[in-house]
Structure formats: structure tokens, C-alpha cells
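Numbers restart at 1 for each chain; the letters A, B, ... are given by sequence-line order, proteins then strands.
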Amino acid sequence: EADIYQTPRYLVIGTGKKITLECSQTMGHDKMYWYQQDPGMELHLIHYSYGVNSTEKGDLSSESTVSRIRTEHFPLTLESARPSHTSQYLCASSSPQGAGEKLFFGSGTQLSVL
Amino acid sequence: GENVEQHPSTLSVQEGDSAVIKCTYSDSASNYFPWYKQELGKGPQLIIDIRSNVGEKKDQRIAVTLNKTAKHFSLHITETQPEDSAVYFCAASKGGSYIPTFGRGTSLIVHP
């Protein structure tokens with residue numbers, strides 16, 4: 001059973017608010033990821049980290065920022081939320097499998113910006 | 001970079017039928033191919049994976065096949081049940097500092 005947690009599960013906020021989506025894992029994984037999932041299912045990588053003090057932008061341009069001060073914690077922040085940010089956000093961490101990465105996902109945060 | 005194509009985007013079957021989802025990849029250096037299942041309201045969860053040195057792997061009702069020459073791999077679900085209804089993602093990766101690339105997902109609907 002994966003030990004990766006996301007809070008909150010659901011969030012409804014007004015435009016212009018600053019929000020932070022929390023993600024924590026207890027597996028000691030170095031790599032962590034944030035995906036944005038649209039209603040059409042596709043997973044869009046928006047941020048990832050190779051370890052403490054490492055953050056990289058993903059394939060999909062995002063106005064969010066991330067930090068990685070501790071191995072187990074990878075929060076995502078939106079300084080000023082807009083309706084276009086409404087989406088499902090999934091956090092994951094990965095365990096190297098020799099030749100590849102096995103990802104463990106959290107249950108997601110469904111964000112609605114009014 | 002790697003490009004993973006997944007088909008079909010939607011698959012509807014009757015309970016007891018078989019279901020097949022296919023993926024192709026572009027980078028011949030990719031060598032690890034996992035499949036994830038995402039149930040409603042949850043994050044994707046790994047259900048089966050295969051490495052490039054193996055052609056087929058089976059786990060009860062699910063199996064994955066890999067054709068390295070053609071650069072495609074498939075998920076096979078036999079004797080489908082309503083609880084198999086979910087979104088399935090394939091992925092390809094090659095380890096090291098590379099980030100896994102996901103397919104666009106397949107919504108499988110199993111009708112009782």
C-alpha cells in the first residue's frame with residue numbers, strides 16, 4: 001500500500017486567493033511529481049523534483065510553484081488562483097526499478113476556482 | 001523525447017469479454033513499461049509492469065505483452081468484471097534521470 005498523502009481532497013476558493021496543495025510521502029523516495037489531470041483523463045506533468053532542493057518544470061506550463069525542503073514533503077503553491085486553474089492535481093513519488101520508475105500516486109486534490 | 005500513443009481512448013465491453021489496450025512508444029532506449037489503473041476519485045495505481053528483456057507477463061486475469069522491434073506493448077484483461085471499469089494508463093521510461101512518459105489513458109467500461 002502506497003504511503004503518499006494529499007490534502008485537501010477538495011478545495012473551492014475564490015479568484016485571486018493564494019493556495020497551497022500539500023503532498024507528503026513516507027517511503028523515502030527521492031523523486032516526486034505533480035500532475036494536472038484534465039476531465040479528458042490525460043495526465044500533464046507540471047513539476048518534478050529529483051530530491052531535496054531540486055525542482056524542475058514539467059511539460060505543461062503552469063503558474064504554480066513548488067518547493068522541496070524535505071524529502072517527504074512537496075507542496076504546490078498558486079499565488080493567485082484563477083478559474084483556469086480549476087482541475088484535479090495529482091502528486092506522486094517514485095521508486096527506481098533498476099531500469100525504470102514505479103510511481104505511487106496520492107488520491108488527488110480537486111480544485112475549483114470560482 | 002519519448003512519445004507514447006495509447007488506443008483506444010474509450011473501450012466498452014460486456015462482462016466476461018476480453019479487453020485489449022495498446023500503446024506504442026518512440027524511444028528505443030525505453031526499457032520499463034508499467035500499466036496503471038485509476039478508479040473514480042482515486043489516483044492511478046500500478047497493476048502490472050514489464051521490462052524490455054521480457055516478452056510477456058501475466059498476473060491472474062491481466063497480462064502485458066511487449067514487442068521491442070515494433071515498439072509496442074499491450075494490456076490484456078480476460079473475463080472482465082464490472083470492477084475492472086476504470087481509466088488505464090500505459091507508460092514508458094528508461095531509468096536514470098528520465099521522467100516516465102504516460103499515454104493519454106483509456107476509459108474501460110464493463111457492462112454487467
Segment of B/T106 engaging chain A (4.5 angstrom heavy-atom cut-off): backbone
From A/S94 atom OG to B/L46 atom CG, the distance as rounded to the nearest 0.5 Å: 12.0 Å
Distance (rounded to the nearest 0.5 Å) between A/K102 NZ and B/Y32 OH: 6.0 Å
Check: A/M41 and B/T10 side chains under 4.5 Å, non-hydrogen atoms: no
Heavy-atom pair count under 4.5 Å with chain B, highest-scoring of A/S107, A/G58, A/C91: A/S107
Side-chain touch B/K42/A/F105, heavy atoms, less than 4.5 angstrom: no
Hydrophobic cluster membership, B/Y98 vs A/F104, 4.5 Å side-chain cutoff: no
Within 6.0 angstrom of A/E56 CD, more than 12 heavy atoms from elsewhere: yes
Heavy-atom contact with chain B under 4.5 Å, split by part of A/Q37: side chain
Hydrophobic cluster membership, A/Y33 vs B/F102, 4.5 Å side-chain cutoff: yes
Atom group of B/Q38 that falls short of 4.5 Å from chain A, counting heavy atoms: side chain
ILVMFWY cluster, B/I47 and B/V110 together (side-chain gap under 4.5 Å): yes
Which of A/D59, A/L45, A/L43 touches chain B most, by non-hydrogen pairs under 4.5 Å: A/L43
A/L103 backbone acceptor or donor facing B/Y36 side chain under 3.5 Å: yes
Hphob cluster co-occupancy, B/V13 + B/L75, side-chain heavy atoms under 4.5 angstrom: yes
Hydrophobic cluster membership, A/I13 vs A/L78, 4.5 Å side-chain cutoff: yes
Other residues, nucleotides, ligands: >12 heavy atoms within 6.0 Å of B/Q60 CD: no
Flag, side chain of A/R9 to backbone of B/G41, donor-acceptor distance under 3.5 Å: yes
Which atoms of B/F33 approach chain A - backbone, side chain, both or neither, heavy atom under 4.5 Å: neither
Heavy-atom neighbours of A/L114 CG exceed 12 at 6.0 Å: yes
Interface residue of largest heavy-atom contact number with chain A, from B/P44, B/G103, B/G105, B/P34, under 4.5 Å: B/P44
